[in-house]
Structures are given as C-alpha cells and as structure tokens.
Amino acid sequence: MADWYLWAWILCSTMTLVVLRGSVLKRRKGNGISATRGESVRRVLAGNGECRSADGSDADVIVVGAGVAGSALAHTLGKDGRRVHVIERDLTEPDRIVGELLQPGGYLKLIELGLEDCVEEIEAQKVFGYALFKDGKHTRLSYPLENFHSDVSGRSFHNGRFIQRMREKAASLPKFDFSFFRYYVRLEQGTVTSLLEEKGTIRGVQYKTKDGRELTAFAPLTIVCDGCFSNLRRSLCNPKVDVPSCFVGLVLENCHLPYSNHGHVILADPSPILFYPISSTEVRCLVDIPGQKVPSIANGEMTNYLKTIVAHQVPPEIYDSFVAAVDKGNIRTMPNRSMPASPYPTPGALLMGDAFNMRHPLTGGGMTVALSDIVVLRDLLRPLRDLNDGPNLCKYLESFYTLRKPVASTINTLAGALYKVFSASPDQARKEMRQACFDYLSLGGVFSTGPISLLSGLNPRP
C-alpha cells in the first residue's frame with residue numbers, strides 16, 4: 001500500500017510540473033519574439049552574415065561584455081532571479097594596464113553587491129591613501145576610513161585576475177531553478193556584431209560564436225557593457241570621445257615604495273607619473289604622456305624617453321627598479337579616454353560601464369562609477385517582474401540617469417580637474433595653481449580629507 005501511495009504521489013507531482021512548465025512556456029512565447037518576428041528585425045549596426053531568426057526570448061536580459069561592469073551586472077541580476085545571457089568576445093583572462101585600482105567607495109559597492117570576495121585569492125593589496133610628490137617634497141594623504149569597518153580600504157590588483165573572479169562568481173550561480181524552470185546566468189564566448197531592432201525597440205543582438213556561426217539572441221532588455229572600444233555605443237549615445245593623453249605602463253618587480261599600501265602620484269613634467277602595488281611583489285607604473293602620440297617602442301624612442309625625461313623625476317628609492325623595468329622592455333601603452341554620459345534613451349537597450357561614460361583614469365574612479373551605476377540599476381529593476389514593455393521600461397529607466405549623477409558627476413569632475421591642475425604648464429597662473437594645490441593638500445587634516453573623500457567615492461553626495 002505504501003508503494004502505491006508513493007507511485008501515486010510521484011505521478012501526481014510529475015503531471016503538476018508538466019502543467020506548470022507548459023504554462024510558463026506559453027507565457028514566454030506570448031512575451032517573446034516568434035521566428036516570423038525575428039525575420040523582420042532590423043540590424044542597427046552593420047554585421048557580417050545573415051540575421052537569423054530564433055524562437056522566443058530565451059533570457060530576461062542580454063549583457064554584452066563580461067568585464068568589470070558586465071560580470072558584476074550579470075551576477076547582480078542573476079542573483080535577483082533574472083535569466084541573464086552574457087556574450088563576451090574573449091573569456092580568457094584579460095591583460096590590461098588599467099582598471100587595477102579600486103577606490104574605497106568602489107569596494108563599498110562591491111560589498112553591497114555581494115562581490116567583495118572577488119578581491120580575495122588574487123594577491124590584491126590594500127590601499128589606504130596616496131603619497132604626493134613634487135620637486136623633492138612629499139606628503140601623505142590618507143583615506144578618511146575612521147567610520148568604516150576595518151576591512152574597508154582601496155584595493156589594487158591585476159585587472160585580469162579580478163575580472164576572472166567576477167566571471168566565476170557570476171557563473172557559479174544556480175543554473176536551473178526547478179520551481180521556476182529558468183536559467184540564471186549563461187556566459188558565452190562570442191562577438192556581438194549588431195543590435196536587433198523592431199519598430200524602434202531593441203529586441204536582442206546578432207553575434208558570431210567562437211566557431212564562426214552567426215546567431216541571434218533575444219531578450220526584453222539588452223545592456224551594452226563592451227568597454228572603451230565599444231562598437232555598439234554609436235546607436236545608443238552621442239560618443240564624443242576625447243583622448244587627452246596616453247599611459248605608458250611598466251611593472252616594477254621587488255620594488256619597495258616609499259609609503260607602503262599607498263598609491264604614489266608624482267607631479268612630474270609634463271604630466272603625472274603613478275605607482276601602486278598590484279601584487280605582493282609587483283608595482284604598476286603608469287607614465288602619463290599628453291596628447292595622442294607617444295614615442296615609438298619599436299625603434300627605441302620610448303626607452304630613451306623614459307630614461308632621459310622620466311627616470312630622474314621618480315623618487316630615488318625606486319629609481320633603480322624603474323630603470324630595470326625599462327631595460328626589461330615589457331612596455332605597453334594605452335590611450336586615456338574621456339567621454340561624458342550622453343545617451344539616446346532607446347527602448348530595450350541600455351549602456352553601462354566604459355561603453356557609456358569615461359573619465360581620465362588619473363584618479364582611478366572608473367570601476368567605482370560602474371559599480372555604483374549597477375547598484376542604482378539593480379534597485380530600479382528589482383520591483384519589475386516583467387521587462388517586456390520596452391517603451392514604458394525606457395521611460396521608467398530615465399530616472400537612472402538622474403540617480404547616478406551624485407557619484408558619477410563628482411568623480412568625473414574631479415578626475416578632469418585634477419589632471420589639468422597636476423599637469424605642468426608654461427602658463428604662470430597654471431604653475432601657481434599647481435603649487436597651491438600641492439601646498440593645500442600638504443596641510444593635511446580637513447584640507448586633505450575633503451578632496452580625498454570625493455576622489456575615493458566615500459563622499460558621493462557633496
């Protein structure tokens with residue numbers, strides 16, 4: 001008798017699940033895009049190959065790009081019960097010379113998103129403030145961390161290691177919830193070639209897989225996070241990108257900085273030089289060169305420039321390590337981009353991260369702005385169960401641009417202003433302003449705490 005009851009229970013449960021599954025699939029089909037509709041979708045950006053149709057929407061959100069912004073966003077939305085399809089051009093560990101310093105304000109956002117363990121097991125170094133150098137004088141500027149938990153500080157690390165931890169975190173979410181028949185986060189390697197539009201609303205993307213197949217993916221909301229080199233932003237914003245300077249990157253090995261666990265900013269001529277630890281044995285050096293042209297690495301001009309123009313301006317304690325890094329020859333360059341957030345509100349699509357808004361990286365504020373934006377977007381989307389009404393969702397999300405401003409505008413404005421003030425100039429007024437800024441910050445106390453709390457994201461609403 002007991003066996004009979006058991007089999008009856010199993011049969012009844014199975015039939016109930018089948019009915020529920022059919023109901024869910026029917027709802028999805030009603031909300032999705034049919035094959036006929038897929039064939040009528042227009043490509044916003046030119047991509048190679050044919051636009052193929054697909055049966056229905058297989059995700060709630062498509063995230064284009066799995067860098068810092070894309071990975072954090074995928075994890076955040078997946079944790080909130082969304083089906084997220086992430087398409088990233090290259091899922092191997094990135095190797096970049098920027099995105100290596102996370103301000104304390106950004107670390108607080110990591111905690112808010114439940115991602116603080118992503119700075120563990122990657123040899124991330126705690127950062128407690130800055131050391132500022134000018135004409136043989138120097139001063140230490142500490143983050144105002146007295147009112148925070150002892151673990152709160154800045155973090156510096158290898159950018160690629162941090163991104164891989166974020167991707168792993170997103171991919172580790174449960175892939176299948178039996179009670180809802182839905183996937184949470186799916187990471188796929190592929191290159192998105194275009195956004196797909198129907199009647200003014202973005203319905204999804206066309207992309208090329210690693211093995212060369214042309215596919216389409218559909219979702220009610222597509223979020224573009226494909227970074228500073230984004231090929232999709234032109235259809236979603238006014239991309240006025242300025243390139244005020246370039247960074248020349250080196251790694252100094254077994255180098256002991258004058259102030260441990262601090263970023264070092266040298267007010268050099270013609271523009272600042274940065275040093276900060278990225279592991280227990282490595283120090284990143286970034287030499288800023290104004291303009292878009294840099295000396296050639298191939299013919300030795302760069303080596304000569306670094307040894308004759310730059311080397312004598314670095315603190316004597318790290319001179320030998322700097323020259324050794326130049327001689328080793330692993331010199332890389334990166335244009336520094338600045339782009340204001342100037343979106344075209346587009347039903348079904350949104351820009352995030354460096355694809356959306358960039359500032360000069362002197363102050364290391366990019367990741368803090370991106371993570372803050374994700375918190376704002378998460379809070380806006382949480383009450384919404386259905387994302388399928390593109391025009392109304394677009395109107396609703398216009399408040400995102402207002403809510404992000406306190407953090408983004410503060411960090412963006414300060415980054416641009418400090419780069420101008422910290423750079424050398426033949427103009428006498430600029431020289432005096434540079435010296436006055438150094439002297440003012442050197443006073444310490446409230447004189448340095450105010451600016452540093454803005455720069456670090458610890459005072460997001462001044």
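Quick note: residue numbers are just sequence positions, from 1. What you see is a predicted model; the values in this text were computed from it and never measured.
- Judged purely by atom type and a 3.5 angstrom limit, H264 uses its side chain to pair as donor or acceptor with the backbone of Y259.
- Minimum heavy-atom separation, T191 to R89: OG1-CG, 3.5 Å.
- Salt-bridge check for E112 with K109: passed, with a basic side-chain N closer than 4.0 Å to an acidic carboxylate O.
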Just do the side-chain contact (heavy atoms from CB on, under 4.5 Å) check on L73 and C225 with the steps written out, would you? CA-CA 9 Å; L73 183 64; C225 307; 4.1 Å; yes
Show the numbers, then the answer: is there a salt bridge (Lys or Arg N to Asp or Glu O under 4.0 Å) between K328 and E253? CA-CA 11 Å; K328 190 173 181 180; E253 296 177 342; 2.8 Å; yes
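- Side-chain contact between E188 and Y207: present, with at least one pair of heavy atoms (C-beta onward) separated by less than 4.5 Å.
- Without hydrogens or angle criteria, T92 side chain to D90 main chain gives no donor-acceptor distance under 3.5 Å.
- Residues P460 and S372 form no side-chain contact, since every pair of their non-hydrogen atoms from C-beta on lies 4.5 Å or further apart.
- Put simply, the side chain of R82 reaches to within 4.5 Å of the side chain of L387, judged on heavy atoms.
- The backbone N or O of D288 lies less than 3.5 Å from a partner atom in the side chain of S271, making a donor-acceptor pair.
- Side-chain contact between Y143 and F148 is absent, with no heavy-atom pair separated by less than 4.5 Å.
- Between Y401 and F356, the ring-plane angle classifies as tilted under the 30° and 60° cut-offs.
- Looking at heavy atoms from C-beta onward, N336 lies out of side-chain contact with V243 at the 4.5 angstrom threshold.
- Here the OG-CD distance, from S279 to E100, works out to 10.0 Å after rounding to the nearest 0.5 Å.
- Checking side-chain atoms of N261 against main-chain N and O of K126 turns up a donor-acceptor pair under 3.5 Å.
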Walk me through whether S142 and I452 qualify under side-chain contact (heavy atoms from CB on, under 4.5 Å). CA-CA 8 Å; S142 298; I452 293 299; over 6 Å; no
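- Residues R337 and D242 are not paired through a salt bridge, judged by the lack of any N-O separation under 4.0 Å between the basic side chain and the carboxylate.
- The distance from atom CG of L286 to atom CD1 of I273, rounded to the nearest 0.5 Å, is 10.5 Å.
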Please report the C-alpha distance between T363 and Y419 in whole Å, then the side-chain angles of each, then the deciding distance to 0.1 Å, and finally whether the side-chain contact (heavy atoms from CB on, under 4.5 Å) criterion is met. CA-CA 8 Å; T363 58; Y419 179 69; over 6 Å; no
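- Between V369 and R404 there is a side-chain heavy-atom pair separated by less than 4.5 Å.
- S156 contributes a side-chain N or O that, together with a main-chain N or O of P277, makes up a donor-acceptor pair within less than 3.5 Å.
- Under 3.5 Å, the side chains of S409 and N412 contain no donor-acceptor pair of N or O atoms.
- Taking all atoms of both residues into account, the shortest heavy-atom contact from L187 to A170 is CD1-CB, 4.5 Å.
- Between I331 atom CD1 and I297 atom CD1 the span is 6.0 Å, to the nearest 0.5 Å.
- Listed for the T216 side chain is no donor-acceptor partner under 3.5 Å among the backbone atoms of V205.
- Cation-pi contact between R284 and Y276: absent, since separation from the ring centre below 6.0 Å together with deviation from the ring axis within 45° is not met.
- The backbone N or O of L257 sits nowhere less than 3.5 Å from a side-chain atom of S260 that would complete a donor-acceptor pair.
- Taking the six-membered ring wherever Trp is involved, the centroid distance between the rings of H262 and Y130 does not fall below 6.0 Å.
- Panel note: side chain E282, backbone S280; no donor-acceptor pair is recorded below 3.5 Å.
- Here the CG atom belonging to L236 is positioned 8.0 Å from the OG atom belonging to S230, to the nearest 0.5 angstrom.
- Side-chain N or O atoms of N357 include one that pairs as donor or acceptor with a backbone N or O of M339 at under 3.5 Å.
- Contact detail for A72 and L371: the closest heavy-atom pair is CB-CD2, 3.9 Å.
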Checking salt bridge (Lys or Arg N to Asp or Glu O under 4.0 Å) for the pair K169/D117: CA distance, chi angles, key distance, verdict? CA-CA 9 Å; K169 183 90 173 179; D117 58 348; 2.9 Å; yes
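- Annotation for N330: atom CG does not count as buried by contact number, only 12 or fewer foreign heavy atoms lying within 6.0 Å.
- Here the side chains of F422 and V265 are in contact, with some heavy-atom distance below 4.5 Å.
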Test D354 against R359 for salt bridge (Lys or Arg N to Asp or Glu O under 4.0 Å), laying out the working first. CA-CA 9 Å; D354 282 350; R359 76 290 311 143; 3.8 Å; yes
Starting from the C-alpha separation in whole Å, work towards a yes-or-no answer on side-chain contact (heavy atoms from CB on, under 4.5 Å) for L173 and H75. CA-CA 8 Å; L173 289 172; H75 175 268; 4.0 Å; yes
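- Rounded to the nearest 0.5 angstrom, L250 CG and C285 SG are separated by 5.0 Å.
- Of all heavy-atom pairs between P347 and G200, the closest is CD-O, 3.7 Å.
- When all heavy atoms of R233 and C228 are compared, the pair lying nearest together is NH2-O, 3.1 Å.
- Between R378 and the options V375, V376, L381, a side chain to side chain contact (heavy atoms under 4.5 Å, CB included) holds for only V375.
- For the residue pair Q206 / E214, a side-chain donor-acceptor distance below 3.5 Å is found, with atom types taken as modelled.
- When atom types are taken as modelled, the side chain of R167 and the backbone of A66 share a donor-acceptor pair closer than 3.5 angstrom.
- Counted by atom type alone, R155 and S153 present one or more donor-acceptor pairs between their side chains at under 3.5 Å.
- Closest heavy-atom contact between A349 and L221: N-CD1, 4.1 Å.
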Step-by-step ring-ring contact (aromatic ring centres under 6.0 Å, His included) determination, F157 to F162: CA-CA 7 Å; F157 39 67; F162 180 55; 4.5 Å; yes
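- Taking CD1 from I163 and OG from S71, the interatomic distance works out to 6.5 Å, rounded to the nearest 0.5 Å.
- The side-chain heavy atoms of L377 and I223, taken from C-beta on, include a pair separated by under 4.5 Å.
- Between F247 and H360, the angle of the ring planes goes over 60°, which puts this pair in the perpendicular group of the 30/60° scheme.
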